[in-house]
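The block underneath contains the structure these notes are about, expressed in structure tokens.
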Amino acid sequence: TPEEKKRLEELFKKYEASSIQELLRRVDAVPVSLVLAQAAVESGWGTSRFFTEANNAFGMYAIKDKTKCIKAKGSDACLKVYDNLYQSVKDYIYNINVSWAYEEFRRAREKGADIYTLVEALEKYSTLRDKYVRLVKNVIEKNGFTRFDSPKLVLAEGTACK
């Protein structure tokens with residue numbers, strides 16, 4: 001329909017995709033265990049100034065728009081300020097799904113790679129590179145975060161559903 005065509009065009013533009021296959025690769029889910037582990041590492045388990053003052057759980061830099069940012073101490077770096085944690089998570093997932101730096105991640109995810117392979121594909125997320133990858137893997141493993149990657153949904157009452 002014309003409405004569906006318009007929506008598809010909007011998605012192609014938003015996700016900077018040039019084919020259906022690329023679009024599907026870019027709108028795919030990010031494993032919950034990875035989201036939790038990177039938020040824990042990047043925010044110091046919710047204690048960093050960027051987290052407490054700016055709802056920035058993932059160390060996201062303000063590159064283009066510096067009107068809503070918080071300056072890092074002793075640096076010219078400016079990190080994004082979010083109105084709420086939801087915006088931070090949404091921006092992080094968009095970044096993972098669109099940025100050139102995470103193309104390897106998206107290709108690995110498309111092939112069904114395990115969580116630890118996916119983490120390795122995010123080496124460019126931090127200047128610490130291999131050390132960062134080991135840290136994120138360790139946080140996932142030590143906290144059993146992979147239990148949240150299950151395709152099952154759990155109702156508030158604790159009843160599992162499919």
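Within the model, atoms OG of Ser99 and CZ of Arg26 stand 8.5 Å from one another, a figure rounded to the nearest 0.5 Å. Annotation: the span from Thr117 atom OG1 to Phe105 atom CZ amounts to 11.0 Å, rounded to 0.5 Å. With values rounded to the nearest 0.5 angstrom, Glu53 atom CD is found 11.5 Å from Leu79 atom CG. To the nearest 0.5 Å, atom OH of residue Tyr116 and atom OG1 of residue Thr146 are 5.5 Å apart. The line from NZ of Lys80 to OG1 of Thr67 is 10.5 Å long, rounded to the nearest 0.5 Å.
The two atoms that bring Ala57 and Ser88 nearest to each other are N-OG, 3.1 Å, heavy atoms only. Residues Tyr102 and Ile96 share a closest heavy-atom pair of CB-O, 3.5 Å. Nearest approach of Ala77 to Tyr61, heavy atoms of both residues: CB-CE2, 3.4 Å. Across all their heavy atoms, Ile70 and Ala54 have their closest contact at CG2-CB, 4.0 Å. Taking both residues in full, the closest heavy atoms of Glu42 and Tyr132 are given as OE2-OH, 2.9 Å, listed atom of the first, atom of the second, then distance. Scanning both residues, Ser43 and Gly46, for their nearest heavy atoms gives OG-N, 2.8 Å.
For the 3.5 Å distance criterion, the side chains of Ser33 and Asp149 qualify, holding a donor opposite an acceptor.
Within a 6.0 Å sphere centred on NZ of Lys71, heavy atoms belonging to other residues, nucleotides or ligands number more than 12. No more than 12 heavy-atom neighbours from other residues, nucleotides or ligands sit within 6.0 angstrom of NZ on Lys90.
Ion pair Glu141/Lys137 not flagged as a salt bridge, since none of the NZ, NE, NH1 or NH2 atoms sits closer than 4.0 Å to an Asp/Glu carboxylate oxygen. Under 4.0 Å is where a charged nitrogen must lie from a carboxylate oxygen, and between Glu22 and Arg25 no such pair does. Between Lys13 and Glu9 there is no salt bridge, since no side-chain nitrogen of the basic residue lies less than 4.0 Å from a carboxylate oxygen of the acidic one. The existence of a salt bridge linking Glu103 and Arg106 is confirmed by a sub-4.0 Å separation between a basic side-chain nitrogen and an acidic carboxylate oxygen.
Arg49 places a side-chain heavy atom less than 4.5 Å from the side chain of Lys73. Under the 4.5 Å side-chain criterion, counting only non-hydrogen atoms from C-beta, Val139 is in contact with Trp45. Contact check for Ile140 versus Ile115: side-chain heavy atoms found under the 4.5 Å cut-off. A 4.5 Å side-chain heavy-atom check between Glu10 and Lys6 finds at least one atom pair inside the cut-off. Put simply, the side chain of Asn138 does not reach to within 4.5 Å of the side chain of Arg134, judged on heavy atoms. The side-chain heavy atoms of Val119 and Leu34, taken from C-beta on, include a pair separated by under 4.5 Å. Between Lys124 and Trp100, the closest side-chain pair of non-hydrogen atoms falls below 4.5 Å.
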- Task: Take Tyr125 and Gln38, measure what side chain to side chain donor-acceptor pair (under 3.5 Å) needs, and give me the verdict at the end.
- Result: CA-CA 10 Å; Tyr125 197 90; Gln38 284 196 270; 4.6 Å; no
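Criterion: ILVMFWY side-chain heavy atoms under 4.5 Å apart, direct or through other members. Under it, Val32 and Ile93 are part of a common hydrophobic cluster. No single ILVMFWY cluster, assembled from side-chain heavy atoms under 4.5 Å apart, contains both Leu135 and Phe50. Grouping the Ile, Leu, Val, Met, Phe, Trp and Tyr side chains by contacts below 4.5 angstrom, directly or via other members, places Phe148 with Leu122.
The hydrophobic cluster around Val27 extends to Leu8, Leu11, Phe12, Tyr15, Ile20, Leu23, Leu24, Tyr94, Val98, counting ILVMFWY residues whose side-chain heavy atoms fall within less than 4.5 Å of a member.
Checked by atom type and distance alone, the side chain of Asn56 pairs as donor or acceptor with a backbone atom of Phe58 at under 3.5 Å. The backbone N or O of Phe145 lies less than 3.5 Å from no partner atom in the side chain of Asn143, so there is not a single donor-acceptor pair. Checking side-chain atoms of Arg109 against main-chain N and O of Asp28 turns up a donor-acceptor pair under 3.5 Å.
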